[in-house]
Amino acid sequence: MNRIETLEQVARQLEPDEQIQKSLAEKVLSHANDFLTHLDDEKAFFQNPEPSSIDQLSDGPEGIDDILQFLRSNVELDGINAASGGHMGYVPGGGLYPSALGDFLAAVSNKYAGIYFPAPGAARMENMLIRWMNELMGFPSDAAGNLTSGGSISNLIAVVTAREAMDVKAKDFHRLVVYLSDQTHHSLQKALRIAGLGEAQLRYLPVDNHFRLDISSLDELIENDRKKGLLPFFINASLGTTNTGTIDPIKEMATIAQHQKVWFHVDAAYGGFFRLLPEVQKKTSGIELADSITLDPHKSLFLPFGTGAVLIKNLTALYKAHRYTADYLQDLVDSDSEINAADVSPELTKHFRALRMWLPLKLFGIKPFRAAVEEKMLLAQYCRQQLMQIDGFEVGPEPDLSITVFRYVPPAGDANAYNEKLIKAIQDDGRIFLSSTTIHEKFWIRVAIVVFRTHKSKVDLLLEIVQEKVKELNKG
Ligand SMILES: *Cc1c(COP(=O)(O)O)cnc(C)c1O
């Protein structure tokens, strides 16, 4: 009994009193606000010569001021500043402020979002968001779905569900065929491997000069594969490739997939939320015929990292891949109308992820999101047009969405080597962050305008920096 009392004394330190809670919250809030206040003038990339040190944990407590100071210098101002409007590398998103507040509230109430019974409201909230995304993609509103941690897990859920829908057995895994282009995101191959389907054959279809999958041979390839005794399994279309933001011919691919009875997946991790715009809905029609769609609210819906989504029509196959029960879960009461997230994903205990998505959508309404995605598309066009007018610059195809690529072609010497130096100089400068890619042996610099904080002034800064670096490189 003495031991219990002593332990309670110490354990109670885990629940600071109200006064201390308030003071902690104020300090964290003011730290966060200070970060945001300086964000626009702060660099987008910090290259610290010394690797930042994360010191060891100790048995005793430390003060919040020191901890926050440590966080600022060793974590926040280190590497890519992913919240910055100057971050136009890879596929960013920014991280909406109300999402951070949503995360805070989700963590305080610690709702168990994996199953309806312990948190009916949280489950209903996630399912409402899934219905909203289903409608946005032209899916029936009773299609299923899940809020995942990101596009990679969404692709994995789609692949294992397709595997169950086709009822393929291990002895046939090596006979499966997947149809994709070399612009498909590598998380699809990774998902296949995790799903045990690493032996599946990958049929890479050619791309046209917009890097769009060329479907002219698809139907015939599938026929030939069948004749060879193979099992055509999965067709992947990208709604926004990672390299160039290109949209594959979704409708034509959907038609072939339907007629050939092959699972049709649309990877819309980057591009999905551009469907808030009627013109993109037109360009991506046929997506409603897909079997599964991957989305990433942490990209074009600007949420903080850690929020993906998958939408799937075939609930039976989704359950077949993921639904389990256990003796110790015997008192759970299922809802007739609400899906349990745990039954349609690899997760059981689940972060109350819906709140970080629901809060900003409720607070702002959908209109500013629609404006922001259109603004980003126009900014990518603007950036490309400006670069086209400067001597020596070559630009990629007109962007379908908000990613554009460019390179500088020097009067003499190897252009690839030159652009490798150019991207290094831009990154060393750090005021903006861009990344590069190689497409069919050509080195390109990418501009991915996806952070909600990227406005015209940042694109103008980009144009200024790029020209400045070219001048310096040309001087030698
Ligand atoms: C980002 C991306 C992925 C992977 O998503 P994560 O959220 O990084 O796991 C998959 N496909 C495409 C097209 C992407 O842009």
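In each ligand, atom 1 is the first atom listed, and ligand 1 is the first ligand listed.
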Practice prompt. Answer yes or no: is there a side-chain heavy-atom contact under 4.5 Å between Asn81 and Phe46?
Written response: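 A side-chain contact exists here, since the closest heavy-atom pair is under 4.5 Å.
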
Discussion item. I'd like to know whether the aromatic ring centres of Tyr408 and Tyr418 sit less than 6.0 Å apart in this structure.
Written reply: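 Yes, the ring of Tyr408 comes within the 6.0 Å limit of the ring of Tyr418, centre to centre.
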
Worksheet item: Just checking, any donor-acceptor pair under 3.5 angstrom between side chains of Ser187 and Asn155?
Response: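 A donor-acceptor contact under 3.5 Å links the two side chains.
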
Item to complete: May I ask you to decide whether Arg353 forms a salt bridge with Asp103, counting only side-chain N to carboxylate O separations under 4.0 Å?
Response: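 Here Arg353 does not pair with Asp103 in a salt bridge, since their nearest N and O are not under 4.0 Å apart.
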
Worksheet item: Do Glu394 and Arg407 sit within salt-bridge range, that is, some charged N less than 4.0 Å from a carboxylate O?
Response: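 Salt bridge flag = yes for Arg407 with Glu394.
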
Worksheet item: Distance-only, no hydrogens or angles: does the Arg212 side chain make a donor-acceptor pair with backbone N or O of Ile247 under 3.5 Å?
Response: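 The answer is yes, because a donor-acceptor pair under 3.5 Å joins these two groups.
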
Ligand 1 polar-atom proximity to protein (N/O, under 3.5 Å):
{"from": "ligand 1", "atom 1": "5 (O)", "to": "Gly151", "atom 2": "N", "distance (Å)": "3.3"}
{"from": "ligand 1", "atom 1": "5 (O)", "to": "Ser152", "atom 2": "N", "distance (Å)": "3.4"}
{"from": "ligand 1", "atom 1": "5 (O)", "to": "Asp296", "atom 2": "OD2", "distance (Å)": "3.2"}
{"from": "ligand 1", "atom 1": "7 (O)", "to": "Gly151", "atom 2": "N", "distance (Å)": "2.8"}
{"from": "ligand 1", "atom 1": "7 (O)", "to": "Asp296", "atom 2": "OD1", "distance (Å)": "3.4"}
{"from": "ligand 1", "atom 1": "7 (O)", "to": "Asp296", "atom 2": "OD2", "distance (Å)": "2.6"}
{"from": "ligand 1", "atom 1": "7 (O)", "to": "His298", "atom 2": "NE2", "distance (Å)": "2.8"}
{"from": "ligand 1", "atom 1": "9 (O)", "to": "Gly151", "atom 2": "N", "distance (Å)": "3.3"}
{"from": "ligand 1", "atom 1": "9 (O)", "to": "Ser152", "atom 2": "N", "distance (Å)": "2.8"}
{"from": "ligand 1", "atom 1": "9 (O)", "to": "Ser152", "atom 2": "OG", "distance (Å)": "2.6"}
{"from": "ligand 1", "atom 1": "11 (N)", "to": "Asp267", "atom 2": "OD1", "distance (Å)": "3.2"}
{"from": "ligand 1", "atom 1": "11 (N)", "to": "Asp267", "atom 2": "OD2", "distance (Å)": "2.7"}
{"from": "ligand 1", "atom 1": "15 (O)", "to": "Thr242", "atom 2": "OG1", "distance (Å)": "3.4"}
{"from": "ligand 1", "atom 1": "15 (O)", "to": "Lys299", "atom 2": "NZ", "distance (Å)": "2.8"}

